[in-house]
Amino acid sequence: MALLSDAPSAVDAFASGHWDLMGQLEQQASAVMQHRNVPEAAAFLADVAYLKRPHSIDRETVRRALLGCSAEILPALDALASVRDVDYAAMDELARVPWFGRGGGRSFNSAVLRLVCPQQFGIIDWRNVAVLCGSAGFEGLVAPPVVFPEFSRQDVLEVRGHLPFTSAVYRRYNDVLRSLAAAHRLRAADIDLILWTYSIQKQPFRTVTFPIVSPSIVVGPAEHASLRANHSPVAQALVNDCLAGSDPSPLPGLLLWGSSKTDGQRWTVFSDCCDSARGVMFQVAAAFAARIKAGGGLPEGMGRG
């Protein structure tokens, strides 16, 4: 049970204060289901989205958007309130709510189920899947390794946070959690925490610091809203800025994050897990800039597309 005892620090390694937030949300979950109050549910779901992706989710943006989704939220609350009877079917109803599975993914969705019914559900994450699969660097805890037909052990390491966590994949994953929980007299959520803690101990998050690359790149509200739809202008600006400034030092684990400023969003850089598309974008942009400055040009096969 040592891994479970180490879980609080492992969770906070992802984002400071996350262990307390998860505990608070677990305590709130039952009341949220019972009250069937859309503003209360919207705030709860926004917090859950933030719990899952603290480095890329703005809770207030999610909360405001969900306030207009009562037609989707109320049936989802009813299904969640009956989750012990309807089991995985509750996820399908929740998936009608924006951010929680409309595109077929069950990542955020699984976080809600884990908070509502921790006895039977855990959160799906590429790190936990890597431990179950015995991917390189994560092996040693589960034997025999779990096989997912949808992807290989190597795929887990290469694709990471963009793995296809469909309903079928989540069900296979969570059934394993339930089986392990029953064997060890624990909750499915506890097995989730054990897998996560083991992954952090095997492959910790990088904690190196990195200087601000460009205080001049300012993204206003309109640009910020459309950033995910079109990264190209920001990527190009980053490349140009790196070329004009000091030698960039691209490192795995860089993540772009906008800190609120009165004059818009200023992009700064810090080290974290590189699951964010914006983090990948900067890492690639900085690497390209370094290559161009060294006279190497772009890597073969990489053009303007």
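Since the structure is predicted, the reported quantities are computational estimates derived from the model, not experimental observations.
Note on Glu40 versus Arg63: no salt bridge recorded, every NZ/NE/NH1/NH2 to OD/OE distance being 4.0 Å or above. Looking at Arg187 and Glu26, a side-chain N of the basic residue comes within less than 4.0 Å of a carboxylate O on the acidic one, giving a salt bridge. Salt bridge annotation for Glu150-Arg172: present, with a cationic side-chain nitrogen under 4.0 angstrom from a carboxylate oxygen. The residues Asp87 and Arg178 are annotated as salt-bridged, a charged nitrogen and a carboxylate oxygen being separated by less than 4.0 angstrom.
Cluster annotation: Val86 and Ile73 are assigned to distinct hydrophobic clusters (Ile/Leu/Val/Met/Phe/Trp/Tyr, side-chain heavy-atom contacts under 4.5 Å, transitive). By the rule that hydrophobic residues join a cluster once side-chain heavy atoms approach within less than 4.5 Å of another member, Phe151 and Val147 end up as members of separate clusters. Linking Ile, Leu, Val, Met, Phe, Trp and Tyr residues whenever their side-chain heavy atoms come within less than 4.5 Å places Val131 and Phe205 in a single cluster. Hydrophobic cluster membership differs between Phe108 and Leu67, with clusters built from Ile, Leu, Val, Met, Phe, Trp and Tyr side chains linked at under 4.5 angstrom. Taking hydrophobic clusters as Ile, Leu, Val, Met, Phe, Trp and Tyr residues chained together by side-chain heavy-atom distances below 4.5 Å, Ile123 does not share a cluster with Trp99.
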Task: Residue pair Val11, Leu193: steps toward the side-chain contact (heavy atoms from CB on, under 4.5 Å) verdict - done: CA-CA 8 Å; Val11 171; Leu193 287 171; 3.9 Å; yes

- [ ] Dump the intermediate steps for side-chain contact (heavy atoms from CB on, under 4.5 Å) on Thr61 and Arg64, then the final yes or no.
- [x] CA-CA 5 Å; Thr61 297; Arg64 287 198 304 266; 4.0 Å; yes

- [ ] Verify side-chain contact (heavy atoms from CB on, under 4.5 Å) between Arg160 and Val156, making sure each step is shown before the conclusion.
- [x] CA-CA 5 Å; Arg160 298 194 173 200; Val156 176; over 6 Å; no

Open item on the list: As a quick check of understanding, evaluate side-chain contact (heavy atoms from CB on, under 4.5 Å) for Ser167 and Met91, giving each step before the final call.
Closed with: CA-CA 8 Å; Ser167 180; Met91 301 190 82; 5.9 Å; no

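Between the side chain of Tyr170 and the backbone N or O of Gly105 there is no donor-acceptor pair closer than 3.5 Å. When atom types are taken as modelled, the side chain of Thr166 and the backbone of Val169 share a donor-acceptor pair closer than 3.5 angstrom. Remark: the backbone N or O of Ala79 is not paired with any side-chain donor or acceptor of Ser82 at under 3.5 angstrom.
Screening residues 67-89 for ring-ring contact (aromatic ring centres under 6.0 Å, His included), with sequence neighbours left out, gives Tyr88-Phe121.
Closest approach of Ala111 and Lys52 over heavy atoms only: CB-CD, 4.3 Å. Between Val142 and Pro144 the shortest heavy-atom distance is CG1-O, 3.7 Å. Taking every heavy atom of both residues into account, Ala188 and Ala181 meet most closely at N-CB, 3.7 Å. Considering every non-hydrogen atom in both Leu132 and Leu180, the closest pair reads CD2-CD1, 4.4 Å. The minimum heavy-atom distance linking Ala65 with Cys69 is given by the pair O-SG, 3.6 Å. Here the shortest heavy-atom pairing between Val38 and Ser70 reads CG2-CB, 3.7 Å.
Under the side-chain contact (heavy atoms from CB on, under 4.5 Å) rule, Val97 has a single partner from Asn109, Val112, Leu66, which is Leu66. Among the candidates Tyr173, Phe165, Phe138, the single residue satisfying the ring pair (Phe, Tyr, Trp, His ring centres under 6.0 Å) test with Trp126 is Phe138. When each of Asp78, Leu77, Val83 is paired with Met33, the side-chain contact (heavy atoms from CB on, under 4.5 Å) condition holds for Leu77 and for no other.
Atom CG of Asn174 sits about 13.0 Å away from atom CZ of Arg106, to the nearest 0.5 Å. One finds the CD atom of Glu93 at 10.5 Å from the CG atom of Leu74 (value rounded to the nearest 0.5 Å). Interatomic distance, Ile124 CD1 to Asp192 CG, rounded to the nearest 0.5 Å: 10.0 Å. Atom-to-atom distance recorded for Ile194:CD1 and Ser5:OG is 9.5 Å, nearest 0.5 angstrom. Once rounded to the nearest 0.5 Å, the distance linking CG of Leu3 with OG of Ser199 reads 10.0 Å. Here the CG atom belonging to Asn128 is positioned 11.0 Å from the SG atom belonging to Cys133, to the nearest 0.5 angstrom.
Tyr50 and Asp58 are not linked by any side-chain donor-acceptor pair at a separation below 3.5 angstrom, with hydrogens and angles left out of the test. Side-chain atoms of Ser135 and Arg153 form no donor-acceptor pair, as typed in the model, at a separation below 3.5 Å. Using modelled atom types, one finds a donor on one side chain and an acceptor on the other under 3.5 Å when comparing Gln154 with Glu158. Checked by atom type, the side-chain pair Arg84/Gln120 shows no donor-acceptor distance below 3.5 Å. Between Ser152 and Asp155, the side chains place a donor N or O and an acceptor N or O closer than 3.5 Å (distance only, hydrogens not considered).
In this pair, His18 and Phe14 present their aromatic rings perpendicular. The plane angle is above 60°, beyond the 30 to 60° band.
Residues forming a side-chain hydrogen bond (donor to acceptor under 3.5 Å, both in side chains) with Asp6 (at least two apart in sequence, or on another chain): Gln201.
Two residues are said to be in side-chain contact when any heavy atoms from C-beta on lie closer than 4.5 Å; Gln119 and Arg114 fail this criterion.
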